[in-house]
**Q** 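This is the structure I have questions about; it appears just below.
Below, all heavy atoms of this structure are taken into account, side chains as well, without hydrogens, waters or symmetry copies. Whatever order the structure lists them in is the order used to number ligands and atoms, beginning at 1.
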Amino acid sequence: MAIVILHPGKERPVVQRHPWVFSGAIARIQGRFPDRGEVVDVQAASGEWLARGCWSDGSQIRVRLFTWNPDEPIDDALIRRRIERAIDGRRRLGMLTDDGACRLVYAESDGIPGLIVDYYAGFLVVQLLTQAMALRRAAITRVLAETLVPRGIYERSESDVREKEGLPPASGVLWGETPPDCVHVRLPGDLWHAVDLRTGQKTGAYLDQAFNRWRVAMHCTGAEMLDCFCYAGGFTIAAARAGARHAIALDTSESALEMLRAGLALNAIATPVETVAADVFQMLRRYRDEQRRFDVVVLDPPKFAHTQAQVERATRGYKDINVLAMQLLRPCGILATFSCSGLVSSDLFQKIVFGAALDARREAQIIERLTQSPDHPVLLTFPEGAYLKGLICRVW
Ligand code: SAH
């Protein structure tokens with residue numbers, strides 16, 4: 001096995017169990033140069049053994065660490081133990097039910113860097129995001145098939161992480177049945193959603209918002225709400241169930257709006273919902289110019305910052321939509337505003353919303369802080385696993 005030797009002074013994050021070794025920390029390789037995805041040991045400059053992980057020649061993250069125990073090999077048994085532990089965690093949360101949906105394996109946070117497994121009413125959708133995971137596709141499929149006996153396992157390895165790893169996108173059935181065009185799942189709050197596992201965004205749904213929709217819906221009884229970046233209408237459906245008077249759901253994706261309409265039918269929703277296929281930046285301006293007003297506005301945009309260099313531009317984007325949303329709120333209205341850019345910290349996000357309130361000349365209070373749902377846990381040694389932050393603000 002190749003040994004990755006670090007530069008002097010670079011061992012600290014590894015000792016503190018952070019699972020990434022960046023190329024800049026590596027002094028040299030001892031032994032045969034590792035193949036893509038191969039197991040390597042990591043040593044300090046002093047020669048001390050530190051950890052074991054998998055090599056990647058694609059991204060700047062050269063080694064992803066799996067164990068800090070010198071006696072523990074990275075083999076199928078380790079993958080099985082980690083997957084079983086992750087599944088047990090979701091079961092204990094009560095989220096692994098026949099008709100439910102949740103994230104079963106959340107990569108680094110569950111001790112398996114590069115592996116995402118989402119559960120949708122008996123189907124599994126898998127993302128193999130690193131060279132190491134792509135190499136172990138068959139073993140992972142076998143473990144998942146044996147431990148859960150799902151109806152089918154479908155691969156959706158299409159993320160930008162995969163591109164950084166130098167891997168082409170991959171998708172298709174790995175085991176069992178092909179998921180139908182539309183799978184019905186029951187989400188927290190007994191809300192039914194129509195999900196397209198093969199072509200929907202991410203693995204089909206935004207599971208990380210499952211509980212937050214319910215927190216926002218609390219404020220929607222009798223309200224006129226505007227759901228910006230609605231995708232399949234998670235926030236709209238929850239608000240309607242809570243008795244919203246009227247909702248407008250905005251997204252550029254016509255197929256997302258189609259799923260939203262299917263979701264409304266599934267939940268037998270009576271609230272009138274207008275679905276609008278349009279750009280949120282433009283529509284917010286149009287509503288402002290038309291002097292439209294709402295009681296609740298939800299902003300759940302896609303990731304604006306993919307790299308550190310994009311953070312400044314992302315900040316301006318967040319501020320822009322937050323100013324506009326505040327201007328559209330009636331006095332005492334509710335703004336539920338989110339950012340899923342991991343590179344934008346909670347502190348920075350709060351500052352952006354603060355700046356937006358100043359520009360909009362509105363006074364605002366934070367009444368609740370939100371984060372990703374508990375099936376997306378955050379390992380204390382890997383705070384990067386926390387990416388979703390949200391503020392529910394009352395805007396006077
Ligand atoms: N709120 C959703 C998830 C939103 S994901 C939920 O609870 O499930 C972000 C969505 O923004 C995607 O559906 C994407 O199609 C949409 N989108 C991206 N850019 C947009 C834009 N400029 N205007 C409108 N929608 C946009």
**Q** For Asp279, counting its heavy atoms only, list the atoms of ligand 1 lying under 4.0 Å from any of them.
**A** 21 (C), 22 (N), 23 (N)
**Q** Tell me the ring pair (Phe, Tyr, Trp, His ring centres under 6.0 Å) pairs involving residues 359-380, sequence neighbours left out?
**A**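 The answer is Tyr106-His376.
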**Q** Among protein heavy atoms, which sits nearest to atom 8 (O) of ligand 1, and what does the distance come to when rounded to 0.1 Å?
**A** Arg213 NH2, 2.9 Å
**Q** I need the atoms of ligand 1 closer than 4.0 Å to a non-hydrogen atom of Phe235, numbered in the order shown.
**A**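 Under 4.0 Å from Phe235, ligand 1 has these atoms: 1 (N), 7 (O).
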**Q** Using a strict 4.0 Å cut-off to heavy atoms of Gln201, name the atoms of ligand 1 that fall inside it.
**A** 12 (C), 13 (O), 14 (C), 15 (O)
**Q** Quick test: of every protein heavy atom, which one is nearest to atom 25 (N) of ligand 1, and how far off is it to 0.1 Å?
**A** Thr252 N, 3.2 Å
**Q** Once side-chain hydrogen bond (donor to acceptor under 3.5 Å, both in side chains) is applied, what residue pairs with a partner in residues 346-356 remain, sequence neighbours excluded?
**A**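 Listed by first then second residue: Gln350-Arg369.
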**Q** Just do the salt bridge (charged side-chain N to carboxylate O under 4.0 Å, His left out) check on Lys202 and Asp208 with the steps written out, would you?
**A** CA-CA 11 Å; Lys202 286 218 195 174; Asp208 50 1; 3.7 Å; yes
**Q** What's the shortest heavy-atom distance between Arg82 and Gly111, and which atoms?
**A** NH1-O, 2.9 Å
**Q** Considering only the protein, which heavy-atom contact is closest to atom 23 (N) of ligand 1, and what is its distance?
**A** Val280 N, 2.9 Å
**Q** Please verify whether a non-hydrogen atom of Asp251 lies at under 4.0 Å from ligand 1.
**A** yes
**Q** Salt-bridge test for Asp75 and Arg81: reply yes if a basic N is under 4.0 Å from a carboxylate O, no otherwise.
**A**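 No, this pair does not count.
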**Q** Using heavy atoms and a threshold below 4.0 Å, how should the contact between Ala278 and ligand 1 be classified: side chain, backbone, both, or neither?
**A**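 The part of Ala278 near ligand 1 is the backbone, not the side chain.
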**Q** Considering non-hydrogen atoms of the protein only, which is the closest contact for atom 4 (C) of ligand 1, and what is the distance?
**A**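 Of the protein heavy atoms, Phe229 O, 3.1 Å lies nearest.
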**Q** Give me the nearest non-hydrogen protein atom to atom 5 (S) of ligand 1 as residue plus atom name, then the distance to 0.1 Å.
**A**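 Closest protein heavy atom to atom 5 (S) of ligand 1: Tyr206 CZ, 3.3 Å.
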**Q** Around atom 19 (N) of ligand 1, find the nearest protein heavy atom and jot down its residue, atom name and distance.
**A**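 Checked against all protein heavy atoms, atom 19 (N) of ligand 1 sits closest to Pro302 CG, 3.9 Å.
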**Q** Any chance the rings of Phe123 and Tyr154 have centres within less than 6.0 Å?
**A** no
**Q** May I ask you to test the Arg142-Arg137 pair for a side-chain heavy-atom distance under 4.5 Å?
**A** no
**Q** Out of curiosity, is Ala232 lining ligand 1, as in a heavy atom under 4.0 Å away?
**A** no
**Q** At what distance is the nearest protein heavy atom to atom 1 (N) of ligand 1, and which residue and atom is it?
**A** Asp300 OD2, 2.7 Å
**Q** So do the side chains of Arg85 and Asp110 get within less than 4.5 Å of each other, counting heavy atoms only?
**A** no
**Q** Is the Phe33 ring parallel, tilted or perpendicular to the Trp55 ring (thresholds 30°, 60°)?
**A** perpendicular
